[in-house]
Amino acid sequence: MRSPIRRWTGLSPRRKILLGGLALIATAVAVVVGVRVSGGQPEPVAGRPGAVLLVPGYGGSTTSLDGLAARIRSAGRTATVVPLAGDGTGDLTVQARVLNGYVNSALAAGSGPVTVIGYSAGGVVAWLWYVDYSGAGRTGTIITLGSPLHGARIAAVGTAYDPGLCPVACQQLAPGSALLTRLQQSAQPRPPWLSLWSADDQTVQPPDSARLPGAVNVPLQSVCPGVTIQHGQLPAAPLVVGLVLRTLSAGRVTAPAPGDCAALESLGR
């Protein structure tokens, strides 16, 4: 049998060029895969802007976030509203797995660390994803809008009154649920996190259930005293849109000052 060296020297110059080119391509592919995949999951590409993934609230309606996603795209970022499994009232751990699929797709396509924006229960899904799917290192920022990170009274009432009428996600959003307790006791380091909520919120009660240790916690009325923003108005409120756009543009999470009210609302209009 001829040795590999003798086989190579016996090839025509044209075939040597062809095989050499194929070897270079294979090496390049291996390098790219090695950079982007670690532990079986895609990794962010350093120095590139991160995709923005928006997670709907309980019920899974994506229309509430379409306007915010469009504003983010107009600012030059990639933004995708994540359609949740089923009707968006099922197990939040399943919804976190759906989100992970979108994160993996974005990173495999060459995204930098992703930004996840969770509206209402979508913020709990974002938190679950971060804890359960190695979010550290793959996340640039998490932004939550009126999210019941410590549960909502309405879920507790539904669970106590008739668990059969309170779907799995409803039960998981009750204060003190096993899922929320697990998240609150998680030892995962907190990513840069901006939590926004409104004192007018009649859906997530108490509204400061959105307050999270280690996050930049912003009750909207502390920025614009007297502003009225109901739960369903959060994703489209000029103040909220302005805060989201400013955070994405700056690439870091900072607390706004009361003097920022007019500028932020103007940016968000």
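Only heavy atoms go into these numbers, but all of them, side chains included; no hydrogens, no water, no symmetry mates.
- Distance alone, capped at 3.5 Å, places no donor-acceptor pair between the S147 side chain and the L149 backbone.
- Of all heavy-atom pairs between T203 and A152, the closest is O-CB, 4.4 Å.
- In the hydrophobic clustering of ILVMFWY residues, with side-chain heavy atoms under 4.5 Å counting as a link, L54 and L239 come out together.
- With D200 contributing its side chain and I229 its backbone, the two residues share a donor-acceptor pair below 3.5 Å.
- Hydrophobic clustering keeps V218 apart from V204 (ILVMFWY residues linked when any side-chain heavy atoms are closer than 4.5 Å, directly or through intermediates).
- Summarising the geometry of L107 relative to P42, their closest heavy-atom pair is CD1-O, 3.3 Å, with the distance given to 0.1 Å.
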Could you go step by step and tell me if V125 and V116 meet the side chain to side chain contact (heavy atoms under 4.5 Å, CB included) rule?
CA-CA 10 Å; V125 173; V116 181; over 6 Å; no
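- Between atom CZ of residue R97 and atom CG of residue L84 there is a gap of 12.5 Å, rounded to the nearest 0.5 Å.
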Under the salt bridge (charged side-chain N to carboxylate O under 4.0 Å, His left out) rule, what do R182 and D132 come out as? Steps first, then yes or no, please.
CA-CA 11 Å; R182 176 169 71 85; D132 289 351; 2.8 Å; yes
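- If you take OH on Y102 and CH2 on W129, they are separated by 15.0 Å, rounding to the nearest 0.5 Å.
- Judged as a disulfide bond (SG atoms under 2.5 Å apart), the pairs with a partner in residues 180-238 (not counting sequence neighbours) are, in order, C224-C261.
- For the side chain to side chain contact (heavy atoms under 4.5 Å, CB included) with L243, the qualifying choice from L220, L267, L145 is L220, the only one to do so.
- Side chain of T115 to main chain of V52: no donor-acceptor pair is present (N/O by atom type, distance under 3.5 Å, no hydrogens or angles).
- The hydrophobic cluster containing Y58 also contains V82, counting ILVMFWY residues as joined when their side-chain heavy atoms lie under 4.5 angstrom apart, directly or transitively.
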Between L234 and L196, does the side chain to side chain contact (heavy atoms under 4.5 Å, CB included) criterion hold? Intermediate values first, please.
CA-CA 9 Å; L234 282 165; L196 308 176; 5.8 Å; no
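- L53 CG to L65 CG: the interatomic distance, rounded to the nearest 0.5 Å, is 11.5 Å.
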Could you go through V253 and W193, starting from their C-alpha distance and side-chain angles, then the distance that decides it, and tell me whether this counts as side chain to side chain contact (heavy atoms under 4.5 Å, CB included)?
CA-CA 7 Å; V253 176; W193 191 309; over 6 Å; no
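- No donor-acceptor distance shorter than 3.5 angstrom exists from the side chain of Q205 to the backbone of I154, with no hydrogens or angles considered.
- The main-chain N or O of A85 is found under 3.5 Å from a side-chain atom of Q95 such that the two form a donor-acceptor pair.
- Using a 4.5 Å heavy-atom threshold, the side chains of S61 and P56 count as separate.
- A heavy-atom distance below 4.5 Å is found between the side chains of L212 and N217.
- Residue-environment remark: CZ (R252) stays at or below the threshold of 12 foreign heavy atoms within 6.0 Å.
- Note on residues 229-269: pairs passing ring-ring contact (aromatic ring centres under 6.0 Å, His included), not counting sequence neighbours, are Y119-H231.
- Within the 3.5 Å criterion, the main-chain N or O of A263 finds no donor-acceptor partner in the side chain of S266.
- V244 and V55 fall into different hydrophobic clusters, defined by Ile, Leu, Val, Met, Phe, Trp and Tyr side-chain heavy atoms under 4.5 Å apart, directly or through other members.
- The NE2 atom of H150 sits 11.0 Å away from atom OG1 of T181, with the distance rounded to the nearest 0.5 Å.
- Contact of the R138 side chain with the N100 side chain is registered, since non-hydrogen atoms from C-beta on lie closer than 4.5 Å.
- Looking only at distances, a side-chain donor or acceptor of S195 sits under 3.5 Å from a matching main-chain atom of A210.
- Contact of the N104 side chain with the Y133 side chain is not registered, since no non-hydrogen atoms from C-beta on lie closer than 4.5 Å.
- Here the side chains of T254 and V216 are not in contact, with every heavy-atom distance at 4.5 Å or above.
- Considering CG of L92 and OG of S177, their distance stands at 8.5 Å, rounded to 0.5 Å.
- Under the 4.5 Å side-chain heavy-atom criterion for ILVMFWY residues, a single connected hydrophobic cluster contains both I117 and L264.
- Listed here is the closest heavy atom pair of A126 and L99: CA-CD2, 4.0 Å.
- Side-chain contact between Q221 and V227: present, with at least one pair of heavy atoms (C-beta onward) separated by less than 4.5 Å.
- A pairwise comparison of heavy atoms in A96 and L128 identifies CB-CB, 3.9 Å as the closest pair.
- Judged purely by atom type and a 3.5 angstrom limit, S198 has no side-chain atom pairing as donor or acceptor with the backbone of Q230.
- In this structure, S111 contributes its side chain and A51 its backbone to a donor-acceptor pair below 3.5 Å.
- When all heavy atoms of L183 and V131 are compared, the closest pair comes out as CD2-CG2, 3.9 Å.
- Counting only heavy atoms from C-beta outward, the side chains of Q172 and D91 approach each other to under 4.5 Å.
- Counting only heavy atoms from C-beta outward, the side chains of P256 and R246 approach each other to under 4.5 Å.
- Looking only at distances, a side-chain donor or acceptor of R190 sits under 3.5 Å from a matching main-chain atom of P213.
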